[in-house]
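Notes follow the structure.
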Amino acid sequence: MSFSPGISQGDIISNQELCNIFGCSPQGGMRRSHATNTLVIISNHVESLYEDRWIDNTLHYTGMGRTGDQVLQGNQNITLYESRTNGVGVHLFEVYRDKEYIYTGPVELADEPYQEIQLDEQLQSRLVWMFPLRLKSGYVPLQIDIELLENKVREQEKRTRRLSDEEIRQRALEASNRQSRNRRQVNKRPSIRTKYDRNTYVAEYAKRWANGICQLKDHPAPFNDRKGQPFLESHHIEWLSRGGADSITNTVALCPNCHTEMHERDRKSDVERLKRKVQEHLESIDYNASIE
(Lines give C-alpha, C1' and ligand atoms only; values in the text may rest on other atoms or scores of the structure.)
Protein backbone atom coordinates (compact mmCIF):
# COMPACT_ATOMS: atom_id res chain seq x y z
CA MET A 1 0.00 0.00 0.00
CA SER A 2 1.42 3.39 -0.97
CA PHE A 3 2.23 5.91 1.74
CA SER A 4 -0.25 8.75 2.33
CA PRO A 5 1.40 11.83 3.87
CA GLY A 6 -1.80 13.14 5.45
CA ILE A 7 -1.46 16.59 3.93
CA SER A 8 -3.39 18.18 1.09
CA GLN A 9 -2.13 19.45 -2.22
CA GLY A 10 -1.17 23.11 -1.83
CA ASP A 11 -0.43 22.89 1.91
CA ILE A 12 2.62 24.89 3.02
CA ILE A 13 4.78 23.26 5.69
CA SER A 14 8.20 23.78 7.23
CA ASN A 15 11.26 21.68 6.49
CA GLN A 16 11.00 20.05 9.92
CA GLU A 17 7.37 19.13 9.37
CA LEU A 18 8.29 17.62 6.00
CA CYS A 19 10.98 15.49 7.65
CA ASN A 20 8.62 14.36 10.41
CA ILE A 21 5.92 13.33 7.92
CA PHE A 22 8.12 11.42 5.49
CA GLY A 23 10.89 10.28 7.82
CA CYS A 24 13.55 11.72 5.52
CA SER A 25 16.69 13.80 5.77
CA PRO A 26 16.34 17.57 6.29
CA GLN A 27 18.79 18.34 3.48
CA GLY A 28 19.10 17.85 -0.26
CA GLY A 29 16.81 18.10 -3.23
CA MET A 30 16.13 14.33 -3.44
CA ARG A 31 15.38 12.70 -0.07
CA ARG A 32 14.91 8.95 0.13
CA SER A 33 12.98 7.52 3.07
CA HIS A 34 13.02 3.76 3.64
CA ALA A 35 10.64 4.22 6.59
CA THR A 36 7.83 5.43 4.30
CA ASN A 37 9.21 3.98 1.03
CA THR A 38 9.14 7.42 -0.57
CA LEU A 39 11.37 9.79 -2.48
CA VAL A 40 10.73 13.44 -1.67
CA ILE A 41 11.65 15.80 -4.51
CA ILE A 42 12.37 19.44 -3.62
CA SER A 43 12.30 21.94 -6.46
CA ASN A 44 13.71 25.10 -4.90
CA HIS A 45 12.97 27.91 -7.34
CA VAL A 46 14.64 30.53 -5.13
CA GLU A 47 18.08 29.21 -4.19
CA SER A 48 18.85 26.18 -6.34
CA LEU A 49 21.79 26.05 -8.75
CA TYR A 50 19.76 23.78 -11.00
CA GLU A 51 17.55 24.73 -13.92
CA ASP A 52 14.25 23.02 -13.05
CA ARG A 53 11.55 24.31 -15.35
CA TRP A 54 7.83 23.92 -15.93
CA ILE A 55 6.76 23.49 -19.52
CA ASP A 56 2.98 23.51 -19.42
CA ASN A 57 2.05 20.80 -16.89
CA THR A 58 5.36 18.93 -16.84
CA LEU A 59 8.23 19.77 -14.49
CA HIS A 60 11.63 19.03 -16.02
CA TYR A 61 13.55 18.29 -12.84
CA THR A 62 17.35 18.26 -12.62
CA GLY A 63 18.98 15.27 -10.94
CA MET A 64 21.60 15.11 -8.17
CA GLY A 65 25.22 16.21 -8.56
CA ARG A 66 26.56 19.77 -8.30
CA THR A 67 29.86 19.39 -10.17
CA GLY A 68 30.92 17.28 -13.14
CA ASP A 69 28.70 15.00 -15.19
CA GLN A 70 25.74 13.61 -13.25
CA VAL A 71 25.51 9.83 -12.97
CA LEU A 72 22.63 7.50 -12.25
CA GLN A 73 24.31 5.01 -9.95
CA GLY A 74 25.27 5.69 -6.34
CA ASN A 75 22.65 8.36 -5.58
CA GLN A 76 18.93 9.01 -5.73
CA ASN A 77 18.97 9.63 -9.48
CA ILE A 78 18.63 5.90 -9.96
CA THR A 79 15.70 5.77 -7.52
CA LEU A 80 13.80 8.34 -9.58
CA TYR A 81 14.92 6.76 -12.86
CA GLU A 82 13.48 3.39 -11.80
CA SER A 83 10.41 4.80 -10.01
CA ARG A 84 8.00 3.22 -12.50
CA THR A 85 9.03 -0.24 -11.34
CA ASN A 86 10.68 0.00 -7.91
CA GLY A 87 7.51 0.74 -5.94
CA VAL A 88 8.87 3.95 -4.40
CA GLY A 89 6.31 6.75 -4.08
CA VAL A 90 7.57 10.10 -5.38
CA HIS A 91 6.25 13.31 -3.80
CA LEU A 92 7.00 16.81 -5.07
CA PHE A 93 7.45 19.95 -2.98
CA GLU A 94 8.26 23.39 -4.39
CA VAL A 95 9.84 26.40 -2.72
CA TYR A 96 8.92 29.89 -3.92
CA ARG A 97 9.65 31.66 -0.61
CA ASP A 98 12.45 30.78 1.81
CA LYS A 99 11.57 28.00 4.29
CA GLU A 100 8.09 27.45 2.84
CA TYR A 101 7.55 24.02 1.26
CA ILE A 102 4.44 23.76 -0.90
CA TYR A 103 3.13 20.23 -1.37
CA THR A 104 2.58 19.91 -5.11
CA GLY A 105 1.47 16.29 -4.86
CA PRO A 106 2.50 12.74 -5.82
CA VAL A 107 4.23 12.66 -9.20
CA GLU A 108 5.43 10.14 -11.76
CA LEU A 109 7.66 10.14 -14.81
CA ALA A 110 5.82 11.72 -17.73
CA ASP A 111 8.40 10.54 -20.25
CA GLU A 112 11.84 8.97 -20.45
CA PRO A 113 14.57 10.81 -18.51
CA TYR A 114 17.11 12.50 -20.77
CA GLN A 115 20.45 14.29 -20.55
CA GLU A 116 21.27 17.89 -21.37
CA ILE A 117 24.16 20.31 -20.90
CA GLN A 118 24.17 22.74 -17.96
CA LEU A 119 26.89 24.64 -16.11
CA ASP A 120 28.08 23.43 -12.73
CA GLU A 121 29.25 25.52 -9.75
CA GLN A 122 32.64 26.11 -11.42
CA LEU A 123 30.98 27.28 -14.68
CA GLN A 124 32.07 24.10 -16.42
CA SER A 125 29.76 22.51 -18.97
CA ARG A 126 28.56 19.11 -17.84
CA LEU A 127 25.83 16.57 -18.57
CA VAL A 128 22.90 16.50 -16.16
CA TRP A 129 19.95 14.14 -15.95
CA MET A 130 16.52 15.68 -16.51
CA PHE A 131 13.39 13.94 -15.23
CA PRO A 132 10.04 14.97 -16.79
CA LEU A 133 7.52 14.76 -13.94
CA ARG A 134 3.73 15.04 -13.97
CA LEU A 135 1.14 14.82 -11.24
CA LYS A 136 -0.48 11.45 -10.78
CA SER A 137 -4.03 10.81 -11.97
CA GLY A 138 -6.61 12.53 -9.81
CA TYR A 139 -4.42 15.56 -9.12
CA VAL A 140 -4.55 18.82 -11.06
CA PRO A 141 -1.67 21.29 -11.44
CA LEU A 142 -1.46 23.83 -8.64
CA GLN A 143 -2.25 27.40 -9.51
CA ILE A 144 0.60 29.16 -7.76
CA ASP A 145 -0.23 32.64 -6.51
CA ILE A 146 1.24 35.35 -8.71
CA GLU A 147 2.75 37.05 -5.63
CA LEU A 148 4.80 33.93 -4.91
CA LEU A 149 6.00 33.75 -8.50
CA GLU A 150 6.99 37.40 -8.42
CA ASN A 151 8.77 36.89 -5.09
CA LYS A 152 10.75 34.09 -6.72
CA VAL A 153 11.81 36.40 -9.54
CA ARG A 154 12.85 39.14 -7.09
CA GLU A 155 15.00 36.72 -5.10
CA GLN A 156 16.59 35.31 -8.25
CA GLU A 157 17.32 38.84 -9.49
CA LYS A 158 19.03 39.71 -6.21
CA ARG A 159 21.33 36.68 -6.50
CA THR A 160 21.98 37.33 -10.18
CA ARG A 161 23.02 40.96 -9.67
CA ARG A 162 25.78 39.81 -7.32
CA LEU A 163 27.46 37.73 -10.04
CA SER A 164 30.44 38.86 -12.08
CA ASP A 165 30.11 39.96 -15.70
CA GLU A 166 31.86 36.77 -16.81
CA GLU A 167 29.53 34.47 -14.88
CA ILE A 168 26.49 36.34 -16.20
CA ARG A 169 27.86 36.03 -19.73
CA GLN A 170 28.49 32.30 -19.46
CA ARG A 171 25.18 31.49 -17.80
CA ALA A 172 23.24 33.65 -20.28
CA LEU A 173 25.00 31.96 -23.20
CA GLU A 174 24.27 28.52 -21.73
CA ALA A 175 20.60 29.38 -21.22
CA SER A 176 20.37 30.68 -24.80
CA ASN A 177 22.02 27.55 -26.19
CA ARG A 178 19.59 25.37 -24.26
CA GLN A 179 16.64 27.31 -25.69
CA SER A 180 17.97 26.62 -29.18
CA ARG A 181 18.50 22.91 -28.50
CA ASN A 182 15.03 22.55 -26.99
CA ARG A 183 13.29 24.13 -29.97
CA ARG A 184 12.72 27.36 -28.04
CA GLN A 185 10.41 25.82 -25.46
CA VAL A 186 9.42 28.56 -23.02
CA ASN A 187 9.14 27.91 -19.31
CA LYS A 188 5.52 28.38 -18.29
CA ARG A 189 4.21 27.70 -14.78
CA PRO A 190 0.52 26.93 -14.10
CA SER A 191 -0.75 29.92 -12.12
CA ILE A 192 -3.80 32.10 -11.60
CA ARG A 193 -2.92 33.68 -14.92
CA THR A 194 -0.37 32.63 -17.50
CA LYS A 195 3.12 33.37 -16.18
CA TYR A 196 6.19 32.95 -18.34
CA ASP A 197 9.29 32.05 -16.35
CA ARG A 198 12.01 34.37 -17.60
CA ASN A 199 15.69 33.50 -17.20
CA THR A 200 17.27 36.05 -14.85
CA TYR A 201 20.76 35.50 -16.32
CA VAL A 202 19.52 36.47 -19.78
CA ALA A 203 17.70 39.53 -18.41
CA GLU A 204 20.73 40.70 -16.43
CA TYR A 205 23.01 40.14 -19.40
CA ALA A 206 20.84 42.40 -21.58
CA LYS A 207 20.96 45.16 -18.96
CA ARG A 208 24.72 44.94 -18.59
CA TRP A 209 25.51 45.14 -22.28
CA ALA A 210 23.08 48.06 -22.62
CA ASN A 211 25.26 49.85 -20.04
CA GLY A 212 22.54 52.23 -18.89
CA ILE A 213 21.32 53.16 -22.40
CA CYS A 214 17.80 52.36 -23.62
CA GLN A 215 18.26 50.22 -26.70
CA LEU A 216 15.22 51.58 -28.52
CA LYS A 217 15.95 55.32 -28.55
CA ASP A 218 19.55 55.44 -27.32
CA HIS A 219 18.88 57.69 -24.34
CA PRO A 220 20.14 57.15 -20.78
CA ALA A 221 17.98 55.40 -18.19
CA PRO A 222 15.64 57.98 -16.61
CA PHE A 223 16.82 57.29 -13.05
CA ASN A 224 18.97 55.02 -10.91
CA ASP A 225 17.61 52.25 -8.72
CA ARG A 226 18.20 51.95 -4.97
CA LYS A 227 21.59 50.38 -5.65
CA GLY A 228 22.62 53.34 -7.76
CA GLN A 229 22.38 51.41 -11.04
CA PRO A 230 20.65 52.78 -14.16
CA PHE A 231 17.08 51.48 -14.19
CA LEU A 232 16.25 49.56 -17.35
CA GLU A 233 13.78 46.72 -17.95
CA SER A 234 14.40 43.60 -20.00
CA HIS A 235 12.18 43.11 -23.04
CA HIS A 236 11.73 40.19 -25.44
CA ILE A 237 11.71 41.53 -29.00
CA GLU A 238 9.52 38.65 -30.12
CA TRP A 239 7.17 38.24 -27.17
CA LEU A 240 7.23 34.96 -25.27
CA SER A 241 3.49 34.72 -25.72
CA ARG A 242 4.08 34.73 -29.48
CA GLY A 243 6.73 32.04 -29.36
CA GLY A 244 9.80 34.21 -28.84
CA ALA A 245 12.92 32.72 -27.29
CA ASP A 246 14.07 33.59 -23.78
CA SER A 247 17.65 34.10 -24.96
CA ILE A 248 20.22 36.83 -25.52
CA THR A 249 19.36 36.76 -29.22
CA ASN A 250 15.85 38.03 -28.42
CA THR A 251 16.32 40.18 -25.29
CA VAL A 252 17.14 43.87 -24.91
CA ALA A 253 17.04 46.47 -22.13
CA LEU A 254 14.64 49.41 -22.38
CA CYS A 255 13.65 52.35 -20.25
CA PRO A 256 10.19 51.96 -18.66
CA ASN A 257 8.54 54.36 -21.13
CA CYS A 258 9.93 52.63 -24.20
CA HIS A 259 9.10 49.24 -22.74
CA THR A 260 5.48 50.29 -22.34
CA GLU A 261 5.51 51.81 -25.82
CA MET A 262 6.76 48.57 -27.37
CA HIS A 263 3.85 46.66 -25.87
CA GLU A 264 1.21 49.30 -26.53
CA ARG A 265 2.13 50.32 -30.09
CA ASP A 266 3.82 47.10 -31.24
CA ARG A 267 5.36 48.77 -34.28
CA LYS A 268 7.22 46.64 -36.79
CA SER A 269 9.82 49.39 -37.35
CA ASP A 270 10.73 49.34 -33.64
CA VAL A 271 11.01 45.56 -33.68
CA GLU A 272 13.36 45.70 -36.66
CA ARG A 273 15.46 48.39 -35.00
CA LEU A 274 15.91 46.26 -31.88
CA LYS A 275 16.74 43.20 -33.95
CA ARG A 276 19.52 45.16 -35.66
CA LYS A 277 20.85 46.30 -32.27
CA VAL A 278 21.01 42.71 -31.05
CA GLN A 279 22.65 41.51 -34.25
CA GLU A 280 25.34 44.19 -33.98
CA HIS A 281 26.01 43.15 -30.38
CA LEU A 282 26.18 39.45 -31.23
CA GLU A 283 28.68 40.19 -33.97
CA SER A 284 30.78 42.25 -31.55
CA ILE A 285 31.09 39.31 -29.13
CA ASP A 286 31.44 36.69 -31.90
CA TYR A 287 28.32 34.92 -30.65
CA ASN A 288 28.36 32.17 -33.28
CA ALA A 289 31.80 31.08 -32.13
CA SER A 290 30.54 30.94 -28.53
CA ILE A 291 27.63 28.56 -29.11
CA GLU A 292 27.98 24.81 -29.46
Side-chain angles (χ1 to χ4, degrees), residues 45 51-56 60 144 146 149-161 163 168-219 221-222 225 229-285 287-288 290-291:
H45 301 288
E51 298 286 348
D52 300 343
R53 55 189 181 271
W54 281 97
I55 299 174
D56 296 323
H60 293 253
I144 300 297
I146 289 295
L149 295 179
E150 292 176 345
N151 177 76
K152 179 202 76 168
V153 172
R154 288 193 297 269
E155 292 302 314
Q156 288 180 335
E157 288 175 341
K158 288 180 185 177
R159 291 189 297 113
T160 301
R161 284 194 293 266
L163 301 178
I168 289 295
R169 186 186 74 84
Q170 291 199 38
R171 293 201 177 278
L173 281 170
E174 189 272 338
S176 300
N177 293 345
R178 188 171 59 250
Q179 277 270 307
S180 177
R181 291 192 299 267
N182 292 341
R183 300 186 183 90
R184 295 171 60 177
Q185 290 175 323
V186 177
N187 302 358
K188 186 167 63 175
R189 178 63 169 96
S191 60
I192 294 173
R193 66 176 185 267
T194 299
K195 180 74 174 179
Y196 293 95
D197 203 359
R198 294 160 174 79
N199 189 290
T200 55
Y201 301 128
V202 169
E204 181 66 15
Y205 180 86
K207 293 174 185 177
R208 292 194 189 187
W209 77 259
N211 197 27
I213 303 299
C214 172
Q215 295 300 289
L216 181 63
K217 296 185 179 177
D218 296 322
H219 55 229
D225 63 20
Q229 298 301 312
F231 186 86
L232 295 174
E233 299 173 339
S234 62
H235 169 71
H236 293 93
I237 302 172
E238 184 179 353
W239 302 352
L240 299 184
S241 60
R242 296 176 177 175
D246 188 19
S247 71
I248 66 172
T249 63
N250 189 50
T251 308
V252 293
L254 306 177
C255 72
N257 282 343
C258 286
H259 195 186
T260 299
E261 183 176 335
M262 286 298 301
H263 283 275
E264 288 295 325
R265 294 192 175 182
D266 196 18
R267 292 182 296 212
K268 185 176 179 180
S269 59
D270 290 338
V271 170
E272 293 304 315
R273 175 179 174 82
L274 292 176
K275 285 182 177 180
R276 288 194 299 271
K277 281 289 187 68
V278 169
Q279 185 59 38
E280 290 170 1
H281 173 69
L282 296 179
E283 290 173 357
S284 74
I285 65 170
Y287 174 73
N288 289 331
S290 303
I291 63 176

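Computed from a predicted structure; not experimentally measured. Sequential numbering from 1 along the given sequence is applied to the chain's residues.
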(Q) Test your reading of the model: is there a side-chain donor-acceptor pair from E204 to the backbone of V202, 3.5 Å cut-off? (A) no

Taken to the nearest 0.5 Å, the spacing of S247 OG from E174 CD works out to 12.5 Å

query = In terms of side-chain geometry, is the basic nitrogen of E155 or K158 positioned less than 4.0 Å from the acidic oxygen of its partner?
reply = yes

Rounded to the nearest 0.5 Å, the CZ atom of R159 sits from the OG1 atom of T200 at a distance of 7.0 Å

NZ (K277) and CH2 (W209) are apart, to the nearest 0.5 Å, by 7.0 Å

For I213 and Q215 the tightest heavy-atom approach is O-NE2, 2.9 Å

Rounding to 0.5 Å, atoms CD1 (I168) and NZ (K207) come to a distance of 10.5 Å

Note to self: Please determine whether side-chain contact (heavy atoms from CB on, under 4.5 Å) holds for the pair H236 and R198, giving the CA-CA distance in whole Å, both sets of side-chain angles, and the decisive distance to 0.1 Å.
What the structure shows: CA-CA 10 Å; H236 293 93; R198 294 160 174 79; 3.8 Å; yes

Tightest non-hydrogen contact, residues L232 and A210, listed as CD1-CB, 4.0 Å

- Item | Full working for side-chain contact (heavy atoms from CB on, under 4.5 Å) between E150 and I146 | CA-CA 6 Å; E150 292 176 345; I146 289 295; 3.4 Å; yes

- Message: So does L216 get a backbone contact from the side chain of R273, meaning a donor-acceptor N/O pair under 3.5 Å?
- Response: yes

Step by step, work out the side-chain contact (heavy atoms from CB on, under 4.5 Å) result for L254 and T260.
-> CA-CA 9 Å; L254 306 177; T260 299; over 6 Å; no

Query raised in the report: Donor-acceptor pair, Q156 side chain versus N199 backbone, under 3.5 Å?
Result: no

**Prompt:** Does N257 CG have over 12 foreign heavy atoms under 6.0 Å away?
**Reply:** no

Is it true that atom CD of E283 has more than 12 heavy atoms of other residues, nucleotides or ligands lying nearer than 6.0 Å? yes

Value for OH (Y205) from CD1 (I285), rounded to nearest 0.5 Å, stands at 3.5 Å

- Kindly indicate whether the side chain of Y201, heavy atoms from C-beta on, has any atom under 4.5 Å from the side chain of L163. yes

One thing to verify: whether K275 and E238 come together as a salt bridge, which I'm taking to mean a side-chain N less than 4.0 angstrom from a carboxylate O. no

Validation row: C255, K217 side chains within 4.5 angstrom (heavy atoms): no

Taking the basic N atoms (NZ, or NE/NH1/NH2) and the acidic carboxylate oxygens, is any pair closer than 4.0 Å for R242 and D266? yes

Intermediate values then yes/no, side-chain contact (heavy atoms from CB on, under 4.5 Å), R276 and L274:
CA-CA 5 Å; R276 288 194 299 271; L274 292 176; over 6 Å; no

- Query: Any donor and acceptor pair, going by atom type alone, linking the side chain of K152 with main-chain N or O of H45 inside 3.5 Å?
  - Reply: no

Paired with M262, the side-chain contact (heavy atoms from CB on, under 4.5 Å) test is passed by just one of V252, I237, D270, namely D270

Review point. Should the pair H263 and H235 be assigned to parallel (<30°), tilted (30 to 60°) or perpendicular (>60°) ring geometry?
Key: perpendicular

Minimal heavy-atom distance between T251 and V278, with the atoms involved, is O-CG2, 4.2 Å

E233 meets the salt bridge (charged side-chain N to carboxylate O under 4.0 Å, His left out) criterion, sequence neighbours left out, with none

